[in-house]
Amino acid sequence: MNSALQTLQERGFIQQCTDLEGLSKAMDSGPVTFYEGCDPTGPSLHIGHMVPYFAMRHLHEAGHNAIVLMGGGTARIGDPSGKSSMRQIISYEEIDANAKRFLGQIDRFLKLDDRTMYSENNKNWLADLNYIDFLRDIGRHFSVNHMLSFEAYKMRMETGLTFIEFNYQLLQSYDFLQLYKRHGCRLQIGGNDQWGNIVAGIELIRRVEGAECFGLTFPLVMTSDGKKMGKTEKGALFLDPAMTSPYDFFQYWRNVADADLERFLLLFTFLPTALCKELAAKKDAELNESKARLAWEVTSLIHGAEEADRALAAAKAAFGGPGGSGADMSQVPSRELPRSELAAGIGVLELFVLAGLSSSKSEARRLVQQGGATINDRKVDDEKASIDATWLDSEGALFLRAGKKRVFRVVAK
RNA sequence: GGGGAGAUUCCCGAGUGGUCAAAGGGGGCAGACUGUAAAUCUGUUGGCUUACGCCUUCGAAGGUCCGAAUCCUUCUCUCCCCA
């Protein structure tokens, strides 16, 4: 098999391919232009979007040409695949703003060069589409009978599917056709939920252009306990540091289940396959080193090495053991508190709420009552305790710990 | 158009006049055990409060009653069946 595909294969990227052998031959005989599309319907990409982009980078490094397609046009409609209800309609301005942010994040990760790796936006050909022409030229190639047999629509047949959503597949197929015509794009990659749409595009190109194209899909990554990867209590793991701090981002990876480690190393880092396997094969406490490595690598890819170092330092400081003597606490999430307020003493409960470790005083009270609250490694079990300057550590800070994993630093100023 | 069922606290789901901040499960949080893992066990899970207690919550708005998630009226939405 073609080496680029081989790489994807052994790293666990490949879920389905329309013609693996044919694609392999095509890739062997020269650079293949491929694309992945994504609708900018939210303010930031999240980790769930990233598997195709990791694959994209692997393929690009193997010498193939990548097109990052922004669904600026399709986002106006909404893809019904895998959804149980109609997508909320958002304004054009919002879509464009989202697309700009998405591209910024992708550029940081992929480093677009406008030559072998560039972006397109389907609003360029969808926005002013002529309805009649579209029906004549494109619509006639689609069989409703066939479309209705797709799982994606079946599910929605139960709950209701609007006509515009039903059209989504035509638009996505049309995208592929446009990219084929404009850029000679012959391969579409994406999450496995895109399978039906991808195949439809390939069909369309065959009928209209008589050309053979390919589709390749990746698994929708789940954690070993069956949840969608990247979902946290607070929501998705976003790439935007303002929405998910690099520290939280790092901690997510640092805390993955043992069973997920190898898969995640292979999918979300560019470490050599052999090394990934070696890291994941470690036993007991040593596995933690491997998880830290995973966390550092992914954080570095998304937020840069500097942020990754900081997050690592913060994690070490927070979990390095009692006292954390000499550890660099400065990277732990923190905020300042005027010394004057501290002088008078502040209630533990207020303090934990202020630090964002508890969402209400009741919750903070529970935390204290259950013995999960610690300030500078001193357990606080009196909910009425008043915290004043005498609690400060040598650096003039209060290191709050809620349970084992959540930490926050309040610095007296 | 006709008939039926339903909307409950983060989710699922009990409750059908006071003992209901509301069973049970899930999820979350905390504790034990550990490796910042998994599994397991325990506790906890609307807000304010030291507490007594108070406030907000059972689709929405009114009403009955000493008292309503529970009864009545209107409205909104969802599902099912018949046409």
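Letters A, B, ... mirror the listed sequences (proteins, then strands); counts begin at 1. Here the structure is a predicted model, which is why all the values come from computation and not from measurement.
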Identify each atom pair where a protein N or O and an N or O of nucleotides 38-41 of chain B are less than 3.5 Å apart, giving names and distance.
none

For nucleotides 50-54 of chain B, which of its nitrogen or oxygen atoms have a protein nitrogen or oxygen under 3.5 Å away, and what is each distance?
none

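For the 3.5 Å distance criterion, the side chains of A:N192 and A:T217 qualify, holding a donor opposite an acceptor. One side chain, A:T74 or A:N122, offers a donor N or O that lies under 3.5 Å from an acceptor on the other. No side-chain donor-acceptor contact under 3.5 Å links A:E36 and A:Q188. A:D175 and A:Q178 form no side-chain donor-acceptor contact under 3.5 Å, judged by distance and modelled atom types alone.
B:G27 and B:G62: their P atoms are spaced 39 Å apart (whole Å). Here, B:C80 and B:G17 have their C1' atoms 30 Å apart, quoted to the whole Å. Comparing the P positions of B:A14 and B:A5 gives an interatomic distance of 16 Å, to the nearest angstrom. Nucleotides B:C79 and B:A32, compared at atom P, are 48 Å apart to the nearest Å. Nucleotides B:G13 and B:C58 place their C1' atoms 13 Å apart, quoted to the nearest Å. Taking the P atom of each, B:G24 and B:U45 are spaced 11 Å apart, rounded to whole Å. As rounded to the nearest Å, B:G59 and B:U78 have C1' atoms that lie 11 Å from one another. Rounded to whole Å, the separation between the P atoms of B:A22 and B:G53 comes to 13 Å.
Of the nucleotides present, none pairs with B:U34 by Watson-Crick or G-U wobble criteria with both distances under 3.5 Å. Of all nucleotides present, only B:C12 satisfies the Watson-Crick or G-U wobble test against B:G24, with each distance under 3.5 Å. With a 3.5 Å ceiling on both atom-pair distances, B:U64 lacks any Watson-Crick or G-U wobble partner. Across every strand in view, B:G17 sits unpaired, with no contact that passes the Watson-Crick or G-U test at under 3.5 angstrom. As the counterpart of B:C54, B:G47 is assigned, both hydrogen-bonding distances of the Watson-Crick or G-U wobble pattern falling under 3.5 Å. Using N1 to N3 plus N6-O4 or O6-N4 for Watson-Crick, or N1-O2 and O6-N3 for G-U wobble, each under 3.5 Å, B:G6 pairs with B:C77.
For the pair A:W253 CH2 and B:U36 C1', the interatomic distance rounds to 17 Å; values are reported in whole Å. B:G35 atom C1' lies 16 Å from atom CG of A:D260, rounded to whole Å. Rounded to an integer number of Å, the gap from A:F250 CZ to B:U36 P is 14 Å. Here B:A30 presents its P atom at 12 Å from CZ of A:R401, a figure rounded to the nearest Å. With rounding to whole Å, A:L367 atom CG is found 12 Å from B:C29 atom P.
In this model, no side-chain donor or acceptor of A:Q370 finds a partner on the base of B:G31 within 3.5 Å.
Using a 4.0 Å heavy-atom distance criterion, A:R366 is classed as a sugar-phosphate-only contact. When heavy atoms are screened at a 4.0 angstrom cut-off, A:A402 is found touching the sugar-phosphate backbone but no base atom.
Looking at A:K361 and A:E350, a side-chain N of the basic residue comes within less than 4.0 Å of a carboxylate O on the acidic one, giving a salt bridge. Between A:E203 and A:R206 there is a salt bridge, with a side-chain nitrogen of the basic residue lying less than 4.0 Å from a carboxylate oxygen of the acidic one. Ionic pairing of A:D128 and A:K123 is not present here: no N-O contact between side-chain nitrogen and carboxylate oxygen is shorter than 4.0 angstrom. Taking a cutoff of 4.0 Å between a charged side-chain nitrogen and a carboxylate oxygen, A:D39 and A:R76 do not qualify as a salt bridge.
Applying the ring pair (Phe, Tyr, Trp, His ring centres under 6.0 Å) rule to A:F399 yields no partners; only residues at least two apart in sequence or on another chain are considered. Annotation: ring pair (Phe, Tyr, Trp, His ring centres under 6.0 Å) contacts of A:F109 (sequence neighbours excluded): A:F54.
Taking the six-membered ring for Trp and the full ring otherwise, A:Y35 and A:F176 have centroids separated by under 6.0 Å.
Across the interface with RNA chain B, nearest-nucleotide mapping of A:E350 and A:G371 shows A:G371 to be the residue nearer the 5′ end.
Scanning residues 280-294 of chain A for heavy-atom distances under 4.0 Å to RNA chain B yields A:D284, A:A285, A:L287, A:N288, A:K291.
In this structure, CZ in A:F249 is found 8.0 Å from OG1 in A:T244, a value given to the nearest 0.5 Å.
With a 6.0 Å cutoff to the six-membered ring centre and a 45° limit on the axis angle, A:R186 does not count as a cation-pi contact of A:F34.
For A:A315, counting side-chain heavy atoms from C-beta on, the closest listed nucleotide (B:U36, B:C48, B:U45) is B:U36.
OP1 or OP2 of B:A30 sits under 4.0 Å from a side-chain N or O of A:R406. Residue A:S362 has no polar side-chain atom (N or O) positioned under 4.0 Å from OP1 or OP2 of B:G46.
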Atom pairs and distances, side-chain donor-acceptor, residues 262-279 of chain A, under 3.5 Å, sequence neighbours left out:
residue: A:R263; atom: NH1; partner: A:M222; partner atom: O; Å: 3.4
residue: A:R263; atom: NH2; partner: A:M222; partner atom: O; Å: 2.8
residue: A:R263; atom: NH2; partner: A:D260; partner atom: OD1; Å: 2.8
residue: A:T269; atom: OG1; partner: A:L265; partner atom: O; Å: 2.6
residue: A:T269; atom: OG1; partner: A:L271; partner atom: N; Å: 3.2
residue: A:T273; atom: OG1; partner: A:E10; partner atom: OE2; Å: 3.2

